[in-house]
Amino acid sequence: MSTKPHRRKKHGGGHEEEAHADERWLVTYGDMLTVLMALFIVLFAMSQVDQNKFNALKSSLSMAFGQPAVTFTAPGSAVTGDAGGGESAPMEFSSVLGKGADGEAEKKARDALAALDRARASARAKNASAEVEKFERIKKKIQEALRKQNAADSVQFRIDERGLVVTVVTSSVVFGNNSAELLRDGRKIIDSIAPALRGEKNSVEVDGHTNWLPVSSGPYPSNWELSTARASTVVRRLVSRGIPAKRLNAAGYADQRPLYPDTDPRSVTLNRRVEVVVLSDLDAATKALLPSAAGQSSTS
């Protein structure tokens with residue numbers, strides 16, 4: 001029996017070619033690879049997860065169910081976070097949502113997110129309390145230095161959303177009328193404030209304020225220039241007493257931010273002031289808690 005492959009004539013040309021009957025399996029194999037490729041493309045598309053949203057929900061659920069925190073790295077894998085926990089720490093996300101009805105899972109997720117919000121609020125409150133304690137220490141140091149100079153009555157303190165506000169009433173013993181030059185007693189007051197600020201890292205803003213009375217004489221055409229010049233004078237004095245210039249900033253507000261309305265008799269004297277503000281470096285949401293942490297209202 002002959003083992004030679006059959007040959008056939010090619011229509012129209014007269015040439016012969018060998019029929020490769022043993023390679024027909026390639027067609028089926030190619031079809032299978034195409035189907036597998038489509039399958040893996042679908043699986044890959046289904047595996048894409050918003051990592052930020054997944055981590056947020058994962059953290060809240062792990063807190064609610066008493067599991068250690070894990071950090072999502074890729075579908076099917078996780079690494080332990082700050083909470084630790086070793087190999088048993090990663091929590092299966094599907095095992096949490098797969099239990100019970102969808103409504104129960106959603107309720108647990110909402111409760112977990114609410115617990116996370118409460119934890120964040122508690123952390124902010126603790127940070128605000130710690131910041132107030134630091135400001136109180138600074139305040140006591142300044143008060144002690146002022147008492148040695150018999151100038152304690154010339155300075156007032158409060159804590160607002162910015163930080164610790166040290167208010168120096170610019171009476172005739174601090175600045176002369178329509179003048180930005182510190183008088184002898186004014187220099188003593190600023191020199192008493194400086195030592196308490198040297199050991200801190202907080203930025204310091206010096207704000208100049210005037211009363212509503214217009215400038216009638218002197219080198220300054222309006223209260224804007226006068227208030228800014230007084231703030232700059234205090235900044236220069238603080239720099240000369242060892243406060244780094246990069247921590248300081250001067251601003252003038254004229255009569256636009258009064259402590260008392262113009263109808264109040266105290267407005268003429270007490271709105272005329274310089275404020276040395278020790279700025280908090282906390283985030284905005286935590287700084288908003290400073291007045292309440294200090295036992296004050298936000299409008300005081």
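A donor-acceptor contact closer than 3.5 angstrom is absent between the side chains of R230 and T233.
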inquiry  = If you apply the rule side-chain contact (heavy atoms from CB on, under 4.5 Å), what do you find for N211 with S267, and how did you get there?
reply    = CA-CA 7 Å; N211 55 31; S267 64; 6.0 Å; no
request  = May I have the step-by-step check of side-chain contact (heavy atoms from CB on, under 4.5 Å) for L146 and K148, ending in yes or no?
outcome  = CA-CA 5 Å; L146 288 170; K148 294 179 180 179; over 6 Å; no
message = The test is side-chain contact (heavy atoms from CB on, under 4.5 Å); show your working for T167 and F157 and say whether it passes.
response = CA-CA 6 Å; T167 301; F157 300 88; over 6 Å; no
query = Run the salt bridge (Lys or Arg N to Asp or Glu O under 4.0 Å) check on K134 and E131 step by step: do they pass?
reply = CA-CA 5 Å; K134 180 176 73 173; E131 189 83 337; 3.7 Å; yes
ask   = Could you walk me through whether E200 and R198 pass the salt bridge (Lys or Arg N to Asp or Glu O under 4.0 Å) check?
value = CA-CA 6 Å; E200 305 296 334; R198 275 200 296 264; over 6 Å; no
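Closest approach of I159 and A294 over heavy atoms only: CD1-CB, 3.8 Å. The shortest non-hydrogen separation linking I243 to A194 is CD1-O, 3.5 Å. Across all their heavy atoms, L182 and F175 have their closest contact at CD2-CZ, 3.6 Å. Nearest heavy-atom pair, D255 versus W212, reported as atom, atom and distance to 0.1 Å: OD2-CA, 3.7 Å. Here the closest heavy-atom approach between residue A293 and residue V132 is recorded as CB-CG2, 3.8 Å. Here the closest heavy-atom approach between residue S280 and residue N202 is recorded as CA-ND2, 4.0 Å.
When the salt bridge (charged side-chain N to carboxylate O under 4.0 Å, His left out) test is applied to R237, the partners found at least two apart in sequence or on another chain are D191. Every side-chain hydrogen bond (donor to acceptor under 3.5 Å, both in side chains) that D283 has, sequence neighbours left out, goes to T286. In terms of the side chain to side chain contact (heavy atoms under 4.5 Å, CB included) criterion, residue partners of P244 (sequence neighbours excluded) are, by chain and number, K246, R247.
Residues D185 and L183 form no side-chain contact, since every pair of their non-hydrogen atoms from C-beta on lies 4.5 Å or further apart. When side chains are defined from C-beta on, R272 does not count as touching H209, because their heavy atoms never get closer than 4.5 Å. Side-chain contact between V168 and I193: present, with at least one pair of heavy atoms (C-beta onward) separated by less than 4.5 Å.
By the 4.0 Å N-to-carboxylate-O rule, E181 lies too far from R187 to be salt-bridged with it. A salt bridge is defined here as a Lys NZ or Arg NE, NH1 or NH2 lying under 4.0 Å from an Asp or Glu carboxylate O, and D207 with R162 meets this definition.
Atoms CD and CG, from E225 and N178 in turn, are 12.0 Å apart once rounded to the nearest 0.5 Å.
Remark: W224 CH2 is packed, more than 12 non-hydrogen atoms of other residues, nucleotides or ligands lying under 6.0 Å away.
Summarising the hydrophobic clusters (Ile, Leu, Val, Met, Phe, Trp, Tyr; side-chain heavy atoms under 4.5 Å, direct or chained), the residues clustered with L259 are V169, Y260, L270. Through direct or relayed side-chain contacts under 4.5 Å between Ile, Leu, Val, Met, Phe, Trp and Tyr, V215 connects to Y220, L226.
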Side-chain donor-acceptor distances from residues 136-145 under 3.5 Å, at least two apart:
none

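Formation of a donor-acceptor pair under 3.5 Å by the S232 side chain with backbone atoms of T228 is found in this model.
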